[in-house]
Amino acid sequence: MNTVSPNASDSPDPSADWMDRLLRFDAAEHSGDYIDDAGFTARVMHKLPLVTSALPAWRRPAVAALWVVAGLLLAVALPGVAFDVARAAYKLFAARPFALSTVAFMVVAFGAASWTAAAVALRRD
Amino acid sequence: MAAKAASADVTDAQLIARCLVGDDRHAFAELVKRHQSAVRACLRKLTAGNHALADDLAQDTFVLAWRNLKSFRQEARFSTWLYRIATNCWLAQARKRQEELLGDRDDDVADSDADAADSPHSWEADHAAGTTMRIDLERAMAVLSDAERAAIVQCYHNDLSHEEAAYVLGCPVGTVKTHVLRGKAKLKRALAAWGPAQPA
């Protein structure tokens, strides 16, 4: 919208910062122009970085706590099972006595790998 | 329909809170929809009408806004904060394209002067002349330094106060005023033919 006088050049002081009026005229002409979205928002949303988890913030501690409980249960139950499985497998494939320390080492290594994987999966940027 | 009506009632601050608390992308999409026109228009002005570049920069602006939303302290309007990011994106891009920006502007401005020479101030009354004047003004903006152009766009096109423009540009208010004055002086020289007729 033109907010300046059409006959401004006839005003008493036409040189009174005509550039100021010109810039305001230009701004007013553009002020009502709405740039149609035309898929712009969709492109922006597509470019947004992915989050590591879509879970709401309040669920994160709950999920982490559940993993801790599950991990503890596994940690309690697994050694006996692991020993049995490891002992049977060793007897089956090696058919000779085995050292308990070897099995213990494998269990510890497996547990460490599991907990590391869980920590990586639950990390937040 | 009801959801659309409801979203119109939600303030920017409420949408920002949803983004921050629940990583709510729908809320951010609503913010983008609300402000995309203003941000793209601002960048089109800064890029002297390069719509493709302006839209690319606008996308970068909103991605940066999403990443840095936690740092928005509500000390300014959200739109003003977006202008600040957009201006920084444009300045970074302009530094990369400095040689291109310095390219053919002198010839263009000289041509526009010649076109307008016979019609001083006709832009205010004549729609066609007004359109021509705006094209010439867009070209003439290339004469300005980045800081001058940014200051003029913020103060006139975005209708910000000097204080708000200082926030957007990250400089003191006095510096903004200086950039505006110098920019207008350069534009006056470049667009002299559109000014008041000089006595013979």
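Values reported hereafter were calculated over all heavy atoms of this structure, with side chains retained and with hydrogens, waters and symmetry mates removed. All chains are named by letter (A, B, ...) in the order of the sequence lines, taking the proteins before the strands, and each is independently numbered beginning at 1. Being a predicted model, the structure only gives us computed values, none of them experimental.
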- prompt: Are B/Val10 and B/Ile16 connected, step by step, through hydrophobic side chains (Ile, Leu, Val, Met, Phe, Trp, Tyr) whose heavy atoms are closer than 4.5 Å?
  reply: yes
task: List the steps, then state whether side chain to side chain contact (heavy atoms under 4.5 Å, CB included) holds for A/Ile35 with B/Arg44.
output: CA-CA 11 Å; A/Ile35 300 175; B/Arg44 285 180 182 186; 3.7 Å; yes
task: Output the distance between atom OH (A/Tyr34) and atom CZ (B/Arg40), rounded to the nearest 0.5 Å.
output: 8.5 Å
- request: Flag yes if more than 12 heavy atoms outside B/His26 fall under 6.0 Å of its NE2 atom; otherwise flag no.
  value: no
Test item: A/Leu23 and B/Leu137 side chains (from C-beta on) under 4.5 Å apart, heavy atoms: yes
- request: Group every Ile, Leu, Val, Met, Phe, Trp and Tyr by side-chain heavy-atom contacts under 4.5 Å, then state whether B/Leu20 and B/Leu31 land in the same group.
  value: yes
- request: Answer yes or no: does atom NZ of A/Lys47 have more than 12 heavy-atom neighbours from other residues, nucleotides or ligands under 6.0 Å?
  value: yes
- prompt: Please walk me through it: do B/Lys45 and A/Asp26 pass side chain to side chain contact (heavy atoms under 4.5 Å, CB included)?
  reply: CA-CA 11 Å; B/Lys45 207 70 184 168; A/Asp26 178 60; 2.6 Å; yes
message: Contact between B/Lys184 and A/Asp17 at the side-chain level, heavy atoms closer than 4.5 Å - yes or no?
response: yes
- request: List the steps and the verdict of side chain to side chain contact (heavy atoms under 4.5 Å, CB included) for A/Asp20 and B/Tyr156.
  value: CA-CA 9 Å; A/Asp20 196 69; B/Tyr156 287 93; 2.2 Å; yes
- prompt: Do B/Ile152 and A/Met19 touch side chain to side chain, with heavy atoms closer than 4.5 Å?
  reply: no
query: Quick one: do A/Asp37 and B/Lys33 make a salt bridge, cutoff under 4.0 Å?
result: no
- request: Check whether any side-chain N or O of A/Arg43 sits under 3.5 Å from a backbone N or O of B/Asp56 as a donor-acceptor pair, and report yes or no.
  value: no
query: A/Leu22 versus B/Leu187: any side-chain heavy-atom pair under 4.5 Å?
result: no
- prompt: Hey, any chance B/Ile85 and B/Leu69 share a hydrophobic cluster, counting ILVMFWY side chains that come within less than 4.5 Å of each other, even indirectly?
  reply: yes
task: Give a yes or no on this: more than 12 heavy atoms of other residues, nucleotides or ligands lie within 6.0 Å of atom CZ of B/Arg182.
output: no
field: Stepwise side chain to side chain contact (heavy atoms under 4.5 Å, CB included) check, B/Lys188 with A/Trp18
entry: CA-CA 8 Å; B/Lys188 273 183 181 178; A/Trp18 60 271; 3.9 Å; yes
Side chain / backbone / both / neither for B/Ala38 at chain A, heavy atoms under 4.5 Å: neither
query: Which heavy-atom pair separates A/Asp36 from B/Gln36 by the least distance, and what is that distance?
result: C-NE2, 4.0 Å
message: Tell me whether B/Val32 shares a hydrophobic cluster with A/Leu48, the cluster being built from Ile, Leu, Val, Met, Phe, Trp, Tyr side chains joined at under 4.5 Å.
response: yes
message: Grouping I, L, V, M, F, W and Y whenever their side-chain heavy atoms are under 4.5 Å apart, do B/Leu160 and B/Phe72 come out in a common cluster?
response: yes
- prompt: Heavy-atom distance under 4.5 Å between the side chains of A/Met45 and B/Phe62, does that happen here?
  reply: no
